[in-house]
Amino acid sequence: MGLLFPVKMSPVLMLQLIYKGSWLLVAALPAILNKQSYPSGMATFFLIWVLVLRFVIPWKQFFN
């Protein structure tokens, strides 16, 4: 829904950006650096989604 209606769904997209970015920084990155096991499929999906969300969220309308 957020990709079809980015202005209407921008609060949800922003929540996803914060949640997924935080998980990558707090859980996945330390595990990668310490060579521990982590859910690599989920980390890859989250990374791609965080990168996509940066371009999908209508930043000008979100902060008006």
Pairs under 3.5 angstrom only: tabulate donor-acceptor contacts from the side chains of residues 11-37 to other protein residues two or more places apart or in another chain.
| from | atom 1 | to | atom 2 | distance (Å) |
| --- | --- | --- | --- | --- |
| Q16 | OE1 | W49 | NE1 | 2.7 |
| S22 | OG | I18 | O | 2.7 |
| N34 | ND2 | P30 | O | 3.2 |

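Applying the side chain to side chain donor-acceptor pair (under 3.5 Å) test to residues at least two apart or on different chains, none of the pairs has a partner in residues 3-13.
By the 4.5 Å side-chain criterion applied to Ile, Leu, Val, Met, Phe, Trp and Tyr, F55 is assigned to no cluster and stands alone.
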